[in-house]
Amino acid sequence: MLMRYPTSHIAVSCELNANSIVQRAGTEFADRAVYSTIEVNNGGQFGDWTWSEMCPEGFYAIGFSLRVEEPQIGGDDTSLNGIRLYCSRLEDRSILYTVESHTGLFGEWTRELWCPSGALKSFQLRVEAHRGFFGDDTSANNIKFRCSSSPVLEGLGETWGEYGNWSDECKEGGICGIRTKQEPYQVGLDDTSLNDVQFFCCK
């Protein structure tokens, strides 16, 4: 198995009100109506699509955090394991809900990154190509989001692989839900965890 080395990160962040209330939405709002699903064409090949999680009605994703496993020098790397969206009303960030779909087993959650205003509206996924039978696959490594107020936020993931094309944009409202493609735990074999993701747009 090929050895990996630590990498550096670049990200943009904006602080949130320290008094904001954050609660987990889970699948409670899974029946929320959507008008579009946005995706990219460079997702990893391993695993299966899991369940959807949605922000409550009138709430949109305004920030995110990543679950990332740090480099396992000489061991099995999985890199990006999960994506957690933070949902709020666009004009009031005092109450937030989180949605994340299925999340891998490895790593820790990074600090949150926030749109200065508006909501997340499109994304770009960094994916490492399949490394062959004897290579250490990681699949998805990092993600970028574009906010409706224009800034681009890059997550605190790893830098293996390349970014693909941008997804389509949510033309109205913003991103309001998530569904992940995860490879199940491989019990001592090569794990990749998160391979791909879809986001939902709501008006």
Side-chain angles (χ1 to χ4, degrees), residues 14 16-17 20-41 43-44 47-68 80-105 107 109-125 139-140 142-149 151-157 166-184 193-203:
C14 180
L16 190 72
N17 188 331
S20 296
I21 299 171
V22 182
Q23 50 195 316
R24 180 91 165 86
T27 58
E28 182 177 354
F29 308 102
D31 60 350
R32 182 177 179 182
V34 306
Y35 71 85
S36 180
T37 300
I38 57 174
E39 53 193 358
V40 291
N41 59 11
D48 300 295
W49 288 103
T50 63
W51 61 88
S52 302
E53 295 188 6
M54 304 294 297
C55 305
E57 192 71 34
F59 284 64
Y60 302 90
I62 61 163
F64 70 102
S65 175
L66 304 180
R67 186 173 188 176
V68 179
L80 185 57
N81 273 246
I83 302 168
R84 177 180 291 161
L85 301 180
Y86 288 80
C87 312
S88 81
R89 296 183 177 91
L90 295 182
E91 304 302 327
D92 178 8
R93 297 187 174 189
S94 61
I95 299 176
L96 295 97
Y97 287 84
T98 64
V99 293
E100 58 193 59
S101 186
H102 185 42
T103 297
L105 301 174
W109 290 100
T110 67
R111 76 175 188 270
E112 303 87 358
L113 303 173
W114 309 98
C115 291
S117 61
L120 305 177
K121 69 173 184 178
S122 61
F123 76 103
Q124 195 179 21
L125 195 62
S139 290
N142 205 354
I143 194 168
K144 292 179 182 178
F145 287 99
R146 180 172 282 118
C147 301
S148 57
S149 52
V152 172
L153 308 178
E154 181 174 22
L156 297 170
W166 282 93
S167 71
D168 290 337
E169 294 184 352
C170 295
K171 300 297 184 183
E172 299 180 65
I175 290 175
C176 60
I178 180 174
R179 181 168 73 141
T180 59
K181 183 182 180 183
Q182 287 275 357
E183 182 183 43
S193 291
L194 196 148
N195 272 249
D196 203 352
V197 63
Q198 296 174 334
F199 296 101
F200 304 108
C201 302
C202 299
K203 295 182 180 179

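Numbering of residues begins at 1 and proceeds along the displayed sequence.
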Requested in this report: Could you give me the CA-CA distance, side-chain angles and deciding distance for C147 and W114, then say whether side-chain contact (heavy atoms from CB on, under 4.5 Å) is met?
Outcome: CA-CA 9 Å; C147 301; W114 309 98; over 6 Å; no
Query raised in the report: Can you list the residues that meet the side chain to side chain donor-acceptor pair (under 3.5 Å) rule with W166, with sequence neighbours excluded?
Result: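 For W166, the residues satisfying side chain to side chain donor-acceptor pair (under 3.5 Å) (neighbours in sequence not counted) are Q124.
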Query - Any residue meeting side chain to side chain donor-acceptor pair (under 3.5 Å) with D92, in chain and number order, not counting sequence neighbours - result: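 Counting only residues at least two positions away or on another chain, D92 forms a side chain to side chain donor-acceptor pair (under 3.5 Å) with S94.
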Show me the side-chain donor-acceptor pairs of residues 24-32 shorter than 3.5 Å, one per line, residues at least two apart or across chains.
from, atom 1, to, atom 2, distance (Å)
R24, NH1, E53, OE1, 2.6
R24, NH2, E53, OE1, 3.3
R24, NH2, E53, OE2, 3.1
R32, NH1, C55, O, 3.3
R32, NH1, P56, O, 2.7
R32, NH1, F59, O, 2.6
R32, NH2, F59, O, 3.4

Query - Residues in salt bridge (Lys or Arg N to Asp or Glu O under 4.0 Å) contact with E169, at least two apart in sequence or another chain - result: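 By the salt bridge (Lys or Arg N to Asp or Glu O under 4.0 Å) rule, E169 matches K121.
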Query - All salt bridge (Lys or Arg N to Asp or Glu O under 4.0 Å) counterparts of R84, not counting sequence neighbours - result: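 Partners of R84 under the salt bridge (Lys or Arg N to Asp or Glu O under 4.0 Å) test: E100.
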To the nearest 0.5 Å, what is the distance between [atom1] on [X] and [atom2] on [Y]?
{"X": "R89", "Y": "Y60", "atom1": "CZ", "atom2": "OH", "value": "11.0 Å"}
{"X": "W109", "Y": "T103", "atom1": "CH2", "atom2": "OG1", "value": "4.0 Å"}
{"X": "C176", "Y": "Y97", "atom1": "SG", "atom2": "OH", "value": "15.0 Å"}
{"X": "K144", "Y": "L125", "atom1": "NZ", "atom2": "CG", "value": "11.5 Å"}
{"X": "R93", "Y": "Y86", "atom1": "CZ", "atom2": "OH", "value": "13.5 Å"}

Requested in this report: Give a yes or no on whether the backbone of G155 and the side-chain of N142 come within a donor-acceptor separation of less than 3.5 Å.
Outcome: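 Looks like yes, one N/O pair under 3.5 Å.
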Requested in this report: Indicate yes or no for a side-chain donor-acceptor contact from S167 to the backbone of S122 under 3.5 Å, with no hydrogens or angles considered.
Outcome: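 It does not hold such a pair.
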How close do [X] and [Y] get, counting heavy atoms only, and between which atoms?
{"X": "L120", "Y": "C115", "result": "CD2-SG, 3.4 Å"}
{"X": "I95", "Y": "S88", "result": "O-CB, 3.7 Å"}
{"X": "F64", "Y": "E154", "result": "CZ-C, 4.3 Å"}
{"X": "I62", "Y": "L96", "result": "CD1-CD2, 4.0 Å"}
{"X": "I83", "Y": "I178", "result": "O-CD1, 3.6 Å"}
{"X": "R111", "Y": "L156", "result": "NH1-CD1, 3.6 Å"}

Report task. State, yes or no, whether a side-chain contact exists between W51 and S101 at a heavy-atom distance under 4.5 Å. Result ->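 A side-chain contact exists here, since the closest heavy-atom pair is under 4.5 Å.
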Distance-only donor-acceptor hits, side chain of residues 194-203, under 3.5 Å, sequence neighbours excluded:
from, atom 1, to, atom 2, distance (Å)
N195, OD1, Q45, N, 3.4
N195, OD1, F46, N, 2.9
N195, OD1, S139, OG, 2.8
N195, ND2, F46, O, 3.4
N195, ND2, T192, OG1, 2.9
N195, ND2, S193, O, 2.9
Q198, OE1, R179, NE, 3.1
Q198, OE1, R179, NH2, 2.9
Q198, NE2, E39, OE1, 2.8

Requested in this report: Have a look at L66 and tell me which of N81, L113, L80 forms a side chain to side chain contact (heavy atoms under 4.5 Å, CB included) with it.
Outcome: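 Of the listed residues N81, L113, L80, the side chain to side chain contact (heavy atoms under 4.5 Å, CB included) partner of L66 is L80.
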